[in-house]
Structures are given as structure tokens and as C-alpha cells.
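The structure appears right after this line, and notes come after that.
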There are 2 protein chains.
Amino acid sequence: MRADARKNYEQLLAVARLAVTKDGADASLRDIARKAGVGLGTLYRHFPTREALLETLLRTAWDELAAKAHELETASAPDEALVSWLRDFIASVRTYRGVVAVMMSALNDKESALYASCAEMRASGTRLLARAQAEGTARTDIDGTDLIALAGALAWIGDQPAIESRAERLFDVVMSAVRECPATDEHCKQRGK
Amino acid sequence: MRADARKNYEQLLAVARLAVTKDGADASLRDIARKAGVGLGTLYRHFPTREALLETLLRTAWDELAAKAHELETASAPDEALVSWLRDFIASVRTYRGVVAVMMSALNDKESALYASCAEMRASGTRLLARAQAEGTARTDIDGTDLIALAGALAWIGDQPAIESRAERLFDVVMSAVRECPATDEHCKQRGK
DNA sequence: ACCTGAACACCGTTCAAGT
DNA sequence: ACCTGAACACCGTTCAAGT
């Protein structure tokens, strides 16, 4: 890349990070180009789609998450590993408001610049879930996509100012369902409905 | 209301219903006015905000939900009443894509045209929850706002094409957590972690 | 190679002018 | 009383023209 192009690229990324932090995933691209002191076409040259820009902003965090998943697979108790990774995953998705919806739609579109990252996250979650399921510490009637859907829903809660303060506790509530052991139903019924 | 005004109002509502069904809560107001054969100012006269328009579109469904809540409070087993009402609530919110986010933000803004409706829904949910809690069939560490947050999160899942097919089962998963009896944790621990 | 910014087709919202 | 639509300040996206 030419030196001036590189400079524009870096400047765009720095400004975009600020803008997306402030306004979320649907921050104005025009405004980003303007504040970066760059023509609109230059932004589109470096980041042909909004997804491409978001992908670059999230790259590092997602690489770390993938690495963390591999660590946890060997280093921790399966159920604790699963919950711990999901907590990190949600925190990462919540870095920027609104990315969780973009991510979910990317999962349905192999052409999206975010597809590979999202599919990798889902694969990591699926492996951690399978390990806990094999051990009997995670319910067996859900799969990796269900898990990502639940995590996404929890991230969504964190994006809503009216209920954001409840996000952490509701994470625990939902996790209690994911970790529920198969006997629970009968157990509860015994206690008299 | 003058006869011509009434006609415009009805026409706007009919067109808006189609548009919001198709494009969700952020459907183009301009487009609605255009298709209703009415000036933009006329739309704004009848519905000063987008919330006001959505409120009118949802009015009937929400009145029914409130009535249903009161019925269930006397007619059904507390836990079944709670789950049944939440299912209806989510179905109602999901009538139009994207309303769930608008609703959550309305809950934080008493000036919103949707505030009263949303607060009423929350109040209904809170009563049904309290009844189940009193009976010991709902966990006691959540309140009505938590319940609406969880229901909203489930409605959000239903709004995402990539995971929509999982919405029903994940409803059951989350409900299992809401209905969890206090002893579950110890129970699970006994089974060996 | 890379950059610029006008051009196009859209928004939401307001308000002066009309009937 | 009620309606219209131009005006204003924004978008995203493309692409001819420039260096």
C-alpha cells in the first residue's frame, strides 16, 4: 500500500472507532470520512461495505476470543469454561452498540465480510458447549447456534439503556438454564408443582 | 374530526399497517404519506411522532393483552398463567419487526407515546410473576422489569432471520430458568458438579 | 494507484402558504 | 380546521474527473 493510502487507512480506522463507540454500528460513514479529512470514495475504497469496516474494528478482539476458546478447552472445567467464554463473547460484542444485530444477520450471509468471524465464534461456542454436554453439565437440547442466539439476546439486553443494568444478572439466569441438568424437571415436579 | 380528516387518518393507518408489516418499525414515514395520497404534514398532524403511529397500530393488541392478564390472574395456575401470557406478549410485540427496541426505549421515557402501554404491559407481567413467586413456581431473584427484558430478548431473537427458527425452543429454555425452583442448584451439585 | 467530491436517490422534520 | 409540499439538513452509494 502506498504511504499516503496507508495514512488514510489508519486515520479512517481511528476516526471510525470513535464514531462507532459513540453512535453504534450505524454511525454515519459520511461523517467518518469527513472527520478523517478524506473523500467519501476513499472510505469506500478501503472499506467497501459497513461490514468490512466493522470487521476491521473487531478483528483483534475476535482473534483473542478464538484463542481464549482454545485455551479454555484444555485448561478449565467444561461448564466453567463455557460460561466464562460466553461472558467474554458478550462483552466483546457489546464493545459497539448494534453490532450484535449486524453479526446475527452476517451469520445468514456467507458473502458478508463478517461471516467468517461470526462462524468462527459460533464454532468456538459449539465446541465448548459440546464439552460441557458430554460431561453432563449443559443441557443437551440446544446446539451452538442456539447458544449464540442466547448470547446475542443477552448482548441485546445490554444495548438497551432501560434494562442494561440487569444484563449481568440476566446472564446468570439464562446460564442457569443452559447448565440445567436433565433431572431438574422431575425434581421440581416432586416438590409439588 | 372533520370528515375529510377522518378519511385521511384511516387511510394513513391502513397504509402504515402494510408498510410497518413489510419494513418494520423504521418504515419510511414519507413513503407512508405518499402511498396514502396525503401530504407529509398531514401524517405529522395525525401522528406527531413515530411512536404515536406505532401506538395506534398496537393499541388493540395491547388492550387484549392487558385483558388476558387479568383473566389469567384468576383463571389459571400461576406458573402456567405466567408462561402463557409471556408467550402472547412476545407474539404481540413480534407483530412488527423492530418494535421491541422501540418499546424498551419507551420504558425509559415517560414522554413517549408508548410509555403508558409499555408500563401497563410491565405491570401485568409483574403481577403474574408475583403470583407465581408467591406459589413457589417462579424464581424470586427477578422482578417485572427483568421479566420484560427477557421477553424482549426472546422477541429480538424472533426478529433475526438467522435464528428465528429457534425462537420457540429458546422460549422454553428461558422459561425453564424463570420457573426454576430454588433447590435446583444444590440438586445439580449433588449429581457430581 | 489513489483520491476527490458532485450527482443521485433517498430520509425525517418543520412551516409558510393555501383552501 | 385542515391540508400541501417546498425547504432544510441530513443519509448511503456510485463514478467521472483529477493527480
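In what follows, chains carry the letters A, B, and so on, assigned in the order in which the sequence lines appear, proteins first and then strands, with residues in each chain numbered from 1.
Taking a 6.0 Å sphere around CD of A/Glu10, one finds it holds more than 12 heavy atoms contributed by other residues, nucleotides or ligands.
Looking at heavy-atom distances under 4.0 Å, A/Ala27 makes contact with sugar-phosphate atoms alone, never a base. Counting non-hydrogen atoms under 4.0 angstrom, B/Arg50 reaches the backbone sugars and phosphates but no base. Within the nucleic acid shown, B/Arg34 comes within 4.0 Å of sugar-phosphate atoms alone, with no base atom in reach, counting heavy atoms only. Using a 4.0 Å heavy-atom cutoff across all strands shown, B/Leu40 reaches at least one base atom of the nucleic acid.
First and last contacts of DNA chain C with chain A, using any nucleotide atom under 4.0 Å from a protein heavy atom and ordered 5' to 3', fall at C/dA1 to C/dA7.
Between B/His46 and B/Tyr9, the ring-plane angle classifies as perpendicular under the 30° and 60° cut-offs.
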Just distance, no hydrogens or angles: give the donor-acceptor pairs under 3.5 Å from side chains in residues 13-25 of chain A, sequence neighbours left out.
{"unit_1": "A/Arg17", "atom_1": "NE", "unit_2": "A/Tyr96", "atom_2": "OH", "d": "3.2"}
{"unit_1": "A/Arg17", "atom_1": "NH2", "unit_2": "A/Leu57", "atom_2": "O", "d": "3.0"}
{"unit_1": "A/Thr21", "atom_1": "OG1", "unit_2": "A/Arg17", "atom_2": "O", "d": "2.6"}

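A salt bridge between B/Arg131 and B/Glu73 is absent, with no side-chain N of the basic residue lying under 4.0 Å from a carboxylate O of the acidic one. Electrostatic pairing of B/Arg34 and B/Asp31 counts as a salt bridge here, judged by a charged N lying under 4.0 Å from a carboxylate O.
In terms of position along DNA chain C, the nucleotide closest to B/Asp31 lies nearer the 5' end than the nucleotide closest to the other residue of the pair B/Arg2 and B/Asp31. With the nearest nucleotide of DNA chain D identified for both A/Asp26 and A/Thr42, A/Asp26 has the one nearer the 5' end.
For the pair A/Leu86/A/Leu82, a side-chain contact is recorded, criterion being any heavy-atom separation below 4.5 Å from C-beta on.
For the 3.5 Å distance criterion, the side chains of B/Gln160 and A/Ser105 fail to qualify, holding no donor opposite an acceptor. B/Trp62 and B/Ser92 form a side-chain donor-acceptor contact under 3.5 Å, judged by distance and modelled atom types alone.
Stem regions annotated for DNA chain C: C:4-8 with D:12-16, C:12-16 with D:4-8, counting only runs of 3 or more consecutive pairs of Watson-Crick or G-U type with both contacts under 3.5 Å.
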